[in-house]
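Values in this document were obtained by computation on a predicted structure and should not be read as measured data. Just so we're on the same page: letters track the sequence lines, and every chain starts at 1.
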Amino acid sequence: MNLTIDVEHNGAEKIVSLSGEIDAYTAPKLKETLLPLTQESEATVIVDLQQITYMDSTGLGVFISALKSTKEYNNTLKLVNLQDRVYRLFKITGLTEIIAIETDSTVRGGM
Amino acid sequence: MSTLKLDLQTYKDLMKQYIETQNEQALYNAEQFSKHSIQQNISPDEIINVHFQALMELYPDVPDDIRNSMNFLLETMISYGLAYQEYQALREKQLELQSELSVAAKMQQTLLSTVKPEYNQLDVGATSHPAKQMNGDYYHFVEDQEGSLGIAIADVIGKGVPAALCMSMIKYSMDSFPEKRMEPSIVLEGMNRVVERNVDPSMFITMFYGLYDTKDNRFFYSSAGHEPGFYYSAKEDTFKDIEAEGLVLGVDRDTSYKQFEQQVDPGDMIVLLTDGVTECRSGDDFIEREEIAEVIRHYKHLPAQEITDQVYSHFERLQDFQLRDDFTLVILRREV
């Protein structure tokens, strides 16, 4: 299974739309795209995970790296439209407490 | 056919036999010749060279065009010959790496080995299987001076060697904790600082730490983002999740961990696992947590060690004996 990554630059807002599976094979590709975006100046990186059907802990690793680098550069990272199975991973690992996650326009976690 | 000589004469005889009879035996001999050649590291262009010479000896008046075409073919095959040599070298290198890795895996097993404790009132079972050679899962039992049993179970994201190296670090940090009563929240806070300082930002570790007080059968626990275990209540015959939310180790150095407490009655079970268990796949579907609970229920009449072994065999079969992730399962049951 593959991962498709689409990046839309909307001024300071970078919208990253993902589709497919995030696992040990596709995670490096996601990291390569995501990290540079979090290092641009005054960027708000919004990652749309609606089309992600599967993610394992390697994917969490990428988002943790992205969060750390976002903080380092004083930027903002937000994850939106997570499917239940994917959301559960963030919930169990306590990451919903430190990463802004929105599902169906309801903020489930805060910074 | 092991006496087949790999020389021009043999090849010439075999070829002549085939040209004259075109029978199966001659073809079979040709196959044997190539197998032996591979064993002797003879490259494809050398075989063509032998073929060319045999042809010239058998038919000295081969037309010039054919002769030239053979020279042409020989030239074309030279790169294949080089590629073949490279393949041989890589193969040797790979065997070398493999044996180094299996030495490392053995070392890791020794480093991470833990003694399953024996208590009259507590039946303990534990099993851990790596998906590849090295294990990124870890479980450990610690008995403290007050007669309590500490249980750590952890999972490094990622598999293979980096995960295994990381696990060894965890093991040493755990060993350096003082041997008096180890409160789960304090253990995790300490481990969090160790991991945060020493591990690459993209790597993190989930860990559950429980402390079973054997005097009054109370179980204290905290979790750092670890896959929830199950608590089986014998009286109600139900499994419920052991909920203990907390952030994974190594993300934020100032994280604090909540500690929870559970009174354990006779027959009750504490089931701890890693996400290798919940991320098992059968075909394209994931195993739901309820299914795991059902499998444990099915074997619950057995001793704890046998339950863990049976559950592992069950999911190993479901995945066609190909684990996608390291698999660890620990069960504690209060007997009396």
Side-chain angles (χ1 to χ4, degrees), chain A residues 1-2 20-39 52-73 75 77 79 83-101 108-111, chain B residues 131-132 136-137 155-160 162-163 166 188 192 195-196 199-208 222-229 241-258 273-276 278-281 284-289 324-326:
Chain A
M1 187 69 191
N2 266 323
E21 297 191 352
I22 309 174
D23 57 20
Y25 300 99
T26 60
K29 182 172 146 189
L30 175 61
K31 194 172 176 180
E32 255 168 53
T33 315
L34 201 54
L35 283 200
L37 293 176
T38 61
Q39 294 161 0
I52 290 296
T53 49
Y54 170 77
M55 183 173 95
D56 69 8
S57 44
T58 337
L60 287 180
V62 175
F63 289 113
I64 290 175
S65 302
L67 177 72
K68 285 186 174 172
S69 123
T70 309
K71 281 189 173 162
E72 209 174 301
Y73 288 83
N75 286 330
L77 173 72
L79 309 185
Q83 294 196 12
D84 285 350
R85 190 179 275 282
V86 175
Y87 180 76
R88 179 180 173 270
L89 262 182
F90 283 95
K91 181 84 181 151
I92 287 174
T93 48
L95 293 171
T96 46
E97 301 296 317
I98 58 163
I99 301 180
I101 295 179
R108 289 218 222 175
M111 285 298 280
Chain B
K132 302 215 177 98
D137 283 358
D155 184 356
V156 184
I157 76 144
K159 308 174 204 12
C166 204
L188 291 187
N192 179 53
V195 174
E196 205 269 339
V199 177
D200 180 83
S202 68
M203 222 173 185
F204 65 87
I205 297 167
T206 74
M207 186 167 186
F208 179 96
S222 295
S223 171
H226 198 77
E227 177 74 29
D241 289 354
I242 300 179
E243 302 269 10
E245 272 162 27
L247 186 62
V248 293
L249 301 179
V251 174
D252 178 1
R253 65 168 298 139
D254 299 320
T255 307
S256 57
Y257 293 92
K258 258 190 266 176
L273 38 82
T274 57
D275 66 5
T278 46
E279 296 229 328
C280 281
R281 280 202 213 203
D284 281 337
D285 290 328
F286 289 94
I287 313 280
E288 297 298 336
R289 287 173 57 85
R324 281 173 62 97
D325 196 359
D326 308 328

- [ ] Please report the shortest heavy-atom distance between Ile92(A) and Pro228(B), naming the atom on each side.
- [x] CD1-CD, 3.7 Å

- [ ] Output the distance between atom CD (Glu97(A)) and atom CG (Asp252(B)), rounded to the nearest 0.5 Å.
- [x] 11.5 Å

TODO: Report yes if some heavy atom in the side chain of Val248(B) is under 4.5 Å from a heavy atom in the side chain of Leu60(A); otherwise report no.
DONE: no

Task: Spatial distance of atom CD1 (Ile98(A)) from atom OG1 (Thr255(B)) [nearest 0.5 Å] - done: 7.5 Å

Task: CG on Leu249(B) to OG1 on Thr93(A), rounded to 0.5 Å - done: 11.5 Å

Task: Distance, nearest 0.5 Å, that separates CZ of Arg88(A) from CD of Glu227(B) - done: 4.5 Å

